[in-house]
Structure formats: C-alpha cells, structure tokens
Amino acid sequence: MEMLIPIIVTLVGAATPILIAALGELVAEKSGVLNLGVEGMMLVGAIAGFVAQFYTGNPYLALLCGAFAGAAVSLIFAFLTLSLSANQTATGLALTIFGTGLSALAGAPYSAKPIALMAPLFPDMLARDPFWRVLFGYSFPVYFSFFMVAAIWWFLKRTRTGLILRAVGENDHSAHSIGYSVVGVRYAAVVFGGAMAGIAGACFPLLLTPQWAESMTAGRGWIAVALVVFASWRPLRLLAGAYLFGLVMTMELYAKAGGGVLAIIPSELWAALPYLATIAVLVLISLRRDASTNAPACLGKPFMPAN
Amino acid sequence: MTLSRRDILKIGGAAAALPLLGGTAFAQEKLKVGFIYVGTINDNGYNYGHNQGRIFLQDALGDAVETTYVENVPEGPDCERVLRELAQQGNKLIFATSFGFGDAVIKVAAEFPDVKFEHATGYMKADNVGLYNARFYEGRAVCGTIAGHLSKTGKAAYIGSFPIPEVVMGINALALSGRRINPAFTVKPVYISTWNDPAKEGDAARALIDQGVDIIAQHTDGPAALQVAQERGIVGGFGQGADMSAFAPEAQLTAIIDHWGPHYVNSAKAVIAGTWTAGDTWEGLKEEVVQMGAYNKKIPADVVADAEKIRTGQIDGSFKIFTGPIKDNTGAERVAAGVAMTDAELLSMDWYVEGVGQPV
C-alpha cells in the first residue's frame, strides 16, 4: 500500500502531457479537422519550451513559448488544409515529420545542457508532505489540464460559440448557409489544438526530464490522437482514458521494478494492456449505436462551398 | 595520372568505373576516411562518442587525413546507399559504427575491394571488413565496486534497452564487482525496449527508486535516469558513453566514457602505411578505448582507492571480472574457480550471475 502514493505521483506525470495534447486535438476534431500532426507540434513545443526555460528560467514563459510555437506550426497545417483544401491526413503526417526535423535542427546546440524542473505550484509544506503531495505535489500544467477538461466540456456543451464549433464539425454546409465562417472557426480550432500540443510538448523538459533529446515525446502524440477516438470525442472520457493509459504505462515499469504484489501481473501484460483496452473500448463503442455516431460528421473532409 | 574533382564530376556518367579511377587518383593524396552513425552526433552518448573519435583522428593526423561523417543513417537498404556514396567519393577507410549496419557493410565491401571497412560491435568479417569493439564491461566493474561500497540498501538497478549480450555483460559485471564488496548486493535489471525515450527512462528510474533502489546504472543513450537520481537525492548512478555530470553533478559517481579516437588513429595509420589487415579488436581500459570519468568528490578516499585498484588491475591484466567461481542466478555454477571466461563466451552471454533479479 505504501507504493500507492508514489505510483499515483508518477502516473499523473505520465498522463498530463497526453491529456493536454488530446484535449487540443478533441477541439480541432469537433470542428471537423483531423490533425495527425500532434506529435510534430508537441516536439516543436518541447524545444521552444526548453529554449525559453534555458535562457530565462521562467517556466511559465516556457509554457507560453511552447504554446506559441505549437500554434505557429499548426497555422501551416491550417493554411494548407483549410485555405488550400489539401488532404488533411497527408498534411497532418507531413506536419509530424516536419516538426520532428525542425525540432531536431533547432535543438542541436542544446543537447548537452540541463535545465531546472518546474517547481510545484503549492508551498513545500503541502507539496513535500508524504501524503498530501498526492494532491498538491504537482506543478502548474497538471492543474491546468484538469481545469481545461472542465472548461472544454463547458465550452462545447454550454456556450453558443461551442455550439457553432460543433455545428461546423457536424454539417459545414448548413453552418455556412446560415452565415458562420466555417474556415474561420476551423482555423481557430486548429490553432487552439496546436497551442495545447505545444504546451503538452513543453511539459516533457519542464516536468518529466529536464533536458532536450531528439524525438523526446517518443510517440505520445499518437497516443493523444488515438485517445480522442477512444473517448468518443467527450472531454470527461478523455480524462479517464488519459489516466487509464498513464496507469498502464506506469504500472509496466513498477511491475518490472518488481515490488511484491505488483509483480503478480507480468509486465508484458501491463505493456499490452493499452492496446487490449483500446480494442475493448472500440468494440463497446461499435455495440452502442449512439456512441458510434458520435464522430463529427465532417471529420477530415475539406470544406468546399458551392458558392 | 592525376584527376581533379571537377574532372571526376565530368565523367560522372561512368559511375561504374569511378571507384577504380578514384583509387589511383587519391593514392598519393590525403587519406579520406568516412564515418556513418545510426543516430545524431548530439545524443550526448554513443554516437557523440564516435564523433569525438573522428575529431580526435582529424586532430591527431591533421593534413594526412580528411574525415567526413553521415549521421542518422537508418539500418537497412538506405545504409547501403550511404556506404556506396562514401566509397565513390574516394573514402578509402570507412567506419560503420552501429551493430545493425553489418549486412550492408558486407554487401558494399564486396563491391569496393580496394576500400577498407571497419564495423563496430559486429561479428561478420571479410578480407576488407574488420571488426572493432570496446570492453565496456571493464568500466562496469569499476562502477560496481563503487556501488558495492556506497549503496545503503544494497539494491541497485540497471535500466537497459534490450537484453542483448552487450547489456547482459554490463549487468553481470556490475553485480559481480558489487558482490565482491557486499555479498548481499543485488542488481535489478529493467528493460524498457527503446534506446531513446527519456520520459520512460525517467519513469523507470522513479519506479525503481520508489522501491528502495539507491544506485541506478543505465545502458540507454541519455542522462534521464541520472537526472531523476539527482532529483530524488539517492546515492547515485553512472554516466554512460560520455561524462554526464552536467546533468547530475551530485548523482553521477563516475562515468564510463567511450574513447574511440586511438583506435581510429591506429587504423588510419595502418591504411596509409599499407599494413592494414582486417582485424578483430576488442579493446578496453588498457588501450584507453574505455575510460573512467572523474570520481565524484563525495566518494570517500578508501572507496576511490578500491575502485582504482580494479581499474588498474584490468589495465595490467591482473584482474579479470569474469573469473570463476561464478554462479548464475538459479544457483548453478557456470564458471569453475580460477577459470576466466573467453571472449567468445562473453560475446554470447545470455544468463545472469547470482544476485541479479530475473527480469520480468
């Protein structure tokens, strides 16, 4: 049992970047845009955040720089797919390759340089307490991710702007015919997704491992993309999904490190669990009619109004 | 007959004849040496080490050599293309620095019989393909001595990428030397199935430290685990491939540093003198291909002295870590008392010594 709190603390660290990136992707997909460039945008955010932290030592500024960098590269994607109606799948993949290369190029001079980790948000008395650190021991992005789950849920469900965004994603021609700017809304959603991916990327050097390494997000952007489907485009399920993935990723390592009860389930099984869980959830979704139709109807389709 | 590079470009269409012409053209000129790396020279570890070796060679022989490198070369057909290009550009000595380049090297070497190839950590030789490797485990034996003395819990961990002999050897050397000092010393191997995922390396270190490990050795290419050791304030860990003290000034007890430079100099000199033959070298502390970083100043003097004894013992040949009696982790005796394991046995090691937990 004494292992429980350390496991939760590690799990929160593993889940947070995935959750933040997936929330951004969820908003973009709700507007009808499938952006497969999350991994690339995260890497660009990671190097931008690293460089800002390296020179200023201000982690909030670093997160902001990560957000700006992620948003900036997402604009390239938005321009190609929304203004020029390029294929979203191909452009998204290209964005990932571009982001990986760009971040490696920009990061080349910083490979042997450490930075400081972002300090916990709460005072040491709470953050270092052996028990209360499970609630108060984290730095800002963790609380930000929870706040954004609620904020995005509220925005999509309860606000007029959120309704317009969903309308654009469900039926772009109808939204267009009653006077909403489909392309404008989608630009905003894609840029928001890019900023969130950038913040998620910046979490890697700021929260997890205070250094720059090429491709340091190691495929977690793809997990974020998959999670959005896994969660059938619902923010609260996304929260549950991110923590489920975080749990199995963490448990694999704790099981390998070998502590008593943890070793009962072999680590290979822990390693396979995310994929088993994905299959199980996809089966459940396809069994339930209402959930399977939850995908935005215009997802991935370019908008070409007939004037 | 001399050809300028421009002339060669002009007759570029006759690509098949090119290596032949290049051979006569550059014989009197400086030796061109090519390197291919599987990763980036900025990885601060393995590939960085090889590139430092290239720079060492260039500095040591100056005008006599001209070195070029290609980084991020994928293992597979693309590697053949890069090797062929280097050979066609007139490189007479080519170092392929990753295990997975082996097949491509053998194939391309057959097409360019006048070009010498050397393949690091490989096992396939040919008339113009030599092999070279480093005895990293000798460094692990020095690390294990320090770990055996300093660990309070007697529990060390070893974060590895894949269970290949190279990594198994390192785990066993750490455990054997640690148990010479503290018979209760154990090593827990954890394989994370990747050479480069810093966040996973960090989380593995967290999981291990949470379960009472106070020494962390790693065999992945980055300093992520050391940084966690520093953050958590455990006894420490060891740099791998390069000095990583910048990332973990308190936690890095010492480092195993790859120093390929002297080997590259010897090979280049042999090619220039015309005495190069396809060799099979496996050098270590003695030849300074493996070096130890500075000892952390928090290590007590008597521990440093003991570590130095192991280091110098391996240099003068009086100490060999893989000398019997060695039991495996099921208790069966694998090496009889007084018998030293052969290189071939080491290179195919697939069992763990006593005190190493079976990876799950």
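Below, all heavy atoms of this structure are taken into account, side chains as well, without hydrogens, waters or symmetry copies. Reminder, nothing fancy here: chain letters follow the sequence lines and each chain counts from 1.
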### Query
Between A/E252, A/R220, A/K113, which shows the greatest number of heavy-atom pairs under 4.5 Å with chain B?
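Most heavy-atom pairs within the cutoff with chain B belong to A/R220.
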### Query
Do you know which of A/A104, A/G13, A/S111 has the most heavy-atom pairs with chain B at a distance under 4.5 angstrom?
A/S111
Counting neighbours of [atom1] on [X] that are heavy atoms of other residues, nucleotides or ligands and sit closer than 6.0 Å, is the number greater than 12?
X      : atom1 : result
B/K298 : NZ    : yes
B/F99  : CZ    : no
A/W132 : CH2   : no

Given a strict heavy-atom distance threshold of 4.5 Å, which part of [X] is in contact with chain A: side chain, backbone, both, or neither?
X      : result
B/E231 : side chain
B/I192 : both
B/A157 : neither

Of all the heavy-atom pairs spanning [X] and [Y], show the shortest one and how long it is.
X      : Y      : result
B/Q227 : A/P210 : NE2-O, 2.9 Å
B/P198 : A/A213 : CG-CB, 3.7 Å
B/D210 : A/M3   : O-CE, 2.9 Å
A/A257 : B/Q211 : O-OE1, 3.5 Å

#### Entry: Structural part of A/L207 lying under 4.5 Å from a heavy atom of chain B
backbone
### Message
With rounding to the nearest 0.5 angstrom, report the NZ to NZ distance, B/K188 to A/K256.
### Response
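So the gap between those two atoms works out to 11.0 Å.
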### Task
Working to the nearest 0.5 Å, report the span between CG of A/L253 and CZ of B/R206.
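Going from the CG atom of A/L253 to the CZ atom of B/R206 covers 10.5 Å.
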### Message
Out of B/P359, B/P223, B/G357, B/G202, return the one with the most heavy atom pairs under 4.5 angstrom to chain A.
### Response
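The option with the most such pairs is B/P223.
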### Summary
Of B/Y48, B/F247, B/Y191, the largest count of non-hydrogen pairs under 4.5 angstrom with chain A goes to B/F247
